[in-house]
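Just below is one structure, and these are the notes that go with it.
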Amino acid sequence: MPDRLGLDALAPLLGLVDTDPDPQVRRVALAVAARFPLDAQACAELATYGRTVAPSPAVQSLDAGSVAARIRAEVEVILDTRDVDARLALLSRLGQYGDQLSGRKAGATRGMHRGVRESAHEDPGGALPEERRVQLRIVQQGHRRRTFLAGAAHVIRCWIGPLEDDEIAANQPIPDVALPAEGLRLQAQLYWRDGLGNEHSDSQFLLLPAARDARSGDCDLHLTVPEGESFVAADIVFRYRGRIFEAVRLDAAVLVAGETETADHQVRLRVQASRREVLDIVNSPAVDGTLVLDAPRSPSADPGASLLLFDAHGAHAVDLGGSATALRWLNDTLHLTETAVVRRQARSGSPGTEELDADDPDVLGLLRTLARHGANLWNQLRDNGFRDPGERLQLLNRTRDHVPLEFVYDRGVPAEDARLCDGWREALQSDTATCPVCSRTPLTQDQRDNVATLCPLGFWSLQKVIERIDPDALPGSGSGASVPTAARRSLRPIDSALFACSDKVPEAERTRLWETLTQCVPRAARAADWPQWKAAMQADPALLLVLPHHDTDQGLDYLEIGADGLAHAQARLGREQLSPSYINPDATEPGPIVLMLGCQTATDTENPTGYTDLTRRVQQQHAAIVLGTLAKVLGRHAAPVAQELVRQLATVRDGDTDFGTVMRRVRRRMLGRGYLMALCLVALGDAQWRLAPLQADTTPAH
């Protein structure tokens, strides 16, 4: 007899073909259902649901596993990333089986047998996921509405709980998560910018009980809609310890006084982000502020104006419109500066002293100009009412734009002859958030426009832990990105690695990097080309290290490794070829750390963030962390930076060390040694991943 869960899941799927109001969902449901080969026994069982299905000969018995696998496979084939709403709607309409069949409930995987600690909250019984959702009610003068009223004040009453009749509910349920016995205290924050650019925000707290069938308390958020508005698209973010727990978008029409609501007036409440999987990391550092970069609300809008900040002070939009200019300048200048420094050292006969040359005119010139660009970004933040929330920031990037928060500089505008501050060496060797010298002399507003010294910790890349969350890496997004869960708090120990490199990196640097890797990692393998790399992935390495040449050919960018003269099929891996088989073929959880330091990004690529966009593509192939660069860099510099990354990752001794802290440390140490490219390192992935130490008796193989 076919498995009960499999049949019960198929029944609503088949029912959606005729009844669902969303044509996109009907199309997907039909396409999925049509691809299930059912035997006669299964068809007879399904007949009880009023559906007639012709049996297919010689098929295996229908079970829950096959149903889940087929639904996932077919939905992913039919829907692309832009159709995420329809995919989520389909899964939510499958009822209580939706989350389980969507693959979000983690089971045992190869990665969970590699020394990764499991949480005591893991439910071995496989209980069904809870059905709680964000819900709300629009109230105006005591009356419930499905629209807003122009020129009137409203209460948006929010709560999280089981579905209630006639209430406005989010299009996704909350998946199965273990909450503390005392419940979860969430901060709900509302943000809306009206047609005149005026900001509207409110913030309240609510308590979500631990019991899966329990309802939270109500949270009343207030919104007054001005005259002349026709539509409200408001963001409501629920934050736990500063991190996004749930983010939803409320869309509703605005009527004028006397205009009657009709059946066509439907409120949409769509989930924008879900980060519930990290709730179990209660002893990790709290996030001080969450920024959301969303698509502009209109084609003519400035993308920078869609950067929203949610912190303890409230919610508001900030504008970083000068960020693209800073990126283009850095992409051109950094490589030229590094080249000039290397050539000068070669002419003088000294290869460098492994310390930043604080007197080198090219180095000082680059740092001063970069700090000026960063000060411009800081001024734009300040002009929008931004108050620095603290040391740890989370950025949810829901567009393909890149906002270089790492380049923000908050120590004023350096003078034309500004020198490095007296505390720069000590600051770059520390792990504290402030410079030991500059922190003693806060700048007044009058001093900020012409500062005699330049402090490295004025750059946010060296001062803060910035956690970048890609929309395609969110649970439920349909991508394969690896994220922490209550059952998976730590990455795998770095006990295995795969290495490949372009021969454009000098041979001496390649050799030193390979020696460091074999000294630090017990099992290290090396690939001479991409076919070898793909074959070596069957060993499931925990660390992937590649120093490729990044370039374009006929408008398509690619990563090139190996010796000069290799055939393109061996040397080049195009963006369009990237698949899990090159990153994590068995979808091991947690996924690997990928260090992808391009020895030179494409000089003819119009988009200076194209390489960063490529790292996003890599992360979607079941990677946990992907490290890339924002600008083209020297191959001779990429290798030493990679060496330091390997040393730091492989020598972790504290199981509570998080990746974000290590990343900031590497940037500081390498800049202190004179490697300017350290300023351009950007990591995608959850900064709260813990780094698992190697076992004490593990020794590298030589």
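The model shown is predicted, which means the values in this text are computed figures rather than measured ones. Counting begins at 1 with the first residue of the sequence. These numbers come from the heavy atoms of this one structure, side chains and all, not from hydrogens, waters or symmetry mates.
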Worksheet item: Got a donor-acceptor contact below 3.5 angstrom from the Gln463 side chain to the Leu457 backbone?
Response: yes

Discussion item. I'd like to know whether Leu395 forms a side chain to side chain contact (heavy atoms under 4.5 Å, CB included) with Glu467, so could you lay out the CA-CA distance, the side-chain angles of the two residues, the decisive distance to 0.1 Å, and finally the verdict.
Written reply: CA-CA 6 Å; Leu395 174 64; Glu467 176 180 293; over 6 Å; no

Discussion item. Using every non-hydrogen atom in the two residues, find where Leu405 and Trp460 come nearest and quote the distance to one decimal.
Written reply: O-CB, 3.3 Å

Worksheet item: Got a second to check how far Leu513's CG is from Leu645's CG, nearest 0.5 Å?
Response: 10.0 Å

Discussion item. Are Leu454 and Arg419 packed together at the side-chain level, in the sense that at least one heavy-atom pair is separated by less than 4.5 angstrom?
Written reply: no

Item to complete: Verify the distance criterion only: is there a donor paired with an acceptor across the side chains of Gln187 and Ser203 at less than 3.5 Å?
Response: yes

Worksheet item: With the threshold set at 4.0 Å, does a side-chain nitrogen-carboxylate oxygen contact exist between Arg572 and Asp551?
Response: no

Worksheet item: Is it true that atom CD of Glu426 has more than 12 heavy atoms of other residues, nucleotides or ligands lying nearer than 6.0 Å?
Response: no

Worksheet item: Taking side chain as C-beta onward, heavy atoms only, is Val546 less than 4.5 Å from Leu597?
Response: no

Worksheet item: For Ile466, does its backbone N or O pair with a side-chain atom of Arg392 as donor and acceptor, under 3.5 Å?
Response: no

Worksheet item: Would you say the side-chain atoms of Lys464 pair up with the backbone N or O of Leu393, donor to acceptor, closer than 3.5 Å?
Response: no

Worksheet item: Is Arg239 reaching over with its side chain to a backbone N or O of Phe310, donor-acceptor style, under 3.5 angstrom?
Response: yes

Worksheet item: Can you tell me how far CZ of Arg510 sits from CG of Leu547, rounded to the nearest 0.5 angstrom?
Response: 10.5 Å

Worksheet entry | Minimum heavy-atom distance Gly591-Leu491, with the two atoms named | O-CD2, 4.1 Å

Worksheet item: What closest approach, in Å, do Gly412 and Leu443 show between heavy atoms, and which atom pair accounts for it?
Response: N-CD1, 4.2 Å

Worksheet item: Is a side-chain donor or acceptor of Trp533 paired with a backbone partner of Tyr582 at a separation under 3.5 angstrom?
Response: yes

Worksheet item: So how far is it from Leu649 CG to Met663 CE, rounded to the nearest 0.5 Å?
Response: 8.5 Å

Worksheet item: Does the pair Arg512/Glu507 count as a salt bridge with the N-to-O cut at 4.0 Å?
Response: no

Item to complete: Starting at CG of Leu364, measure out to CG of Leu420 and round the result to the nearest 0.5 Å.
Response: 5.5 Å

Worksheet item: Side chains of Pro592 and Ile583: does their closest heavy-atom pair fall under 4.5 Å?
Response: yes

Item to complete: Assess whether atom CG of Asp422 is packed by more than 12 heavy atoms of other residues, nucleotides or ligands within 6.0 Å.
Response: no

Worksheet item: Would you say the side-chain atoms of Glu199 and Tyr191 include a donor-acceptor pair closer than 3.5 Å?
Response: yes

Worksheet item: side-chain contact (heavy atoms from CB on, under 4.5 Å) with Arg647: which residues, sequence neighbours excluded?
Response: Thr516, Cys520, Gln643, Glu644, Arg673

Worksheet item: Is a side-chain donor or acceptor of Asp658 paired with a backbone partner of Thr661 at a separation under 3.5 angstrom?
Response: yes

Worksheet item: Do Arg411 and Val451 touch side chain to side chain, with heavy atoms closer than 4.5 Å?
Response: no

Practice prompt. For Thr369 and Leu366, indicate whether the former's side chain and the latter's backbone hold a donor-acceptor pair under 3.5 Å.
Written response: no

Worksheet item: Where is the tightest heavy-atom contact between Arg575 and Asp557, given as atom of each residue plus distance?
Response: NH2-OD2, 2.6 Å

Discussion item. With side chain to side chain contact (heavy atoms under 4.5 Å, CB included) as the test, pick out the partner of Leu676 among Leu370, Leu671, Asp362.
Written reply: Leu671

Worksheet item: Which pair of heavy atoms, one from Ala623 and one from Val618, lies closest together, and at what distance?
Response: CB-O, 3.9 Å

Discussion item. Can a donor-acceptor pair be found, under 3.5 Å and without considering hydrogens, that links the side chain of Ser502 to the backbone of Gly562?
Written reply: no

Discussion item. Please find the pair of heavy atoms, one from Val666 and one from Gln648, that lie closest to each other, and give the distance.
Written reply: CG2-CG, 3.7 Å

Worksheet item: Think Arg526 forms a cation-pi with Phe499, using NZ or CZ under 6.0 Å from the six-ring centre and within 45 degrees of its axis?
Response: no

Fill in: N/O donor-acceptor pair under 3.5 Å between Arg667 side chain and Leu681 backbone
yes

Worksheet item: Can Arg664 and Glu406 be counted as an ion pair, charged N to O under 4.0 angstrom?
Response: no

Worksheet item: Are side-chain heavy atoms of Leu578 and Leu573 found at a separation under 4.5 Å?
Response: yes

Item to complete: Can you measure from CD (Gln619) to CG (Leu627) and round to the nearest 0.5 angstrom?
Response: 11.5 Å

Worksheet entry | Main-chain N/O of Cys455 paired to Tyr409 side chain as donor or acceptor, under 3.5 Å | yes

Item to complete: Could you tell me whether the side chain of Leu595 reaches within less than 4.5 Å of the side chain of Ile625, counting heavy atoms only?
Response: no

Practice prompt. Mind checking the CG-CG spacing from Leu679 to Leu462? Nearest 0.5 Å is all I need.
Written response: 5.5 Å

Item to complete: Apply side chain to side chain contact (heavy atoms under 4.5 Å, CB included) to Val237 and Leu308, showing your working.
Response: CA-CA 11 Å; Val237 172; Leu308 307 180; over 6 Å; no

Worksheet item: Under a 4.5 Å cut-off applied to non-hydrogen side-chain atoms, are Tyr558 and Thr552 in contact?
Response: no

Worksheet entry | Sequence-distant partners of Trp424, side-chain hydrogen bond (donor to acceptor under 3.5 Å, both in side chains), two or more places apart | none

Pair up each side-chain donor or acceptor in residues 431-439 with any protein partner under 3.5 Å, not counting sequence neighbours, and list the distances.
from	atom 1	to	atom 2	distance (Å)
Asp431	OD1	Arg665	NE	3.2
Asp431	OD1	Arg669	NH2	3.3
Asp431	OD2	Arg665	NE	3.3
Asp431	OD2	Arg665	NH2	3.4
Thr432	OG1	Ser430	OG	3.3
Thr432	OG1	Thr434	O	3.2
Ser439	OG	Cys435	O	2.5

Worksheet item: Within a strict 4.5 Å, meaning less than it, do heavy atoms of the Pro414 and Arg372 side chains meet?
Response: yes

Discussion item. Between Glu355 and Arg425, is the side chain to side chain contact (heavy atoms under 4.5 Å, CB included) condition met? List the steps.
Written reply: CA-CA 9 Å; Glu355 182 179 76; Arg425 286 186 181 85; 3.1 Å; yes

Worksheet item: Yes or no on side chain to side chain contact (heavy atoms under 4.5 Å, CB included) for Leu498 and Leu545, after CA distance, side-chain angles and deciding distance?
Response: CA-CA 6 Å; Leu498 178 57; Leu545 173 58; over 6 Å; no

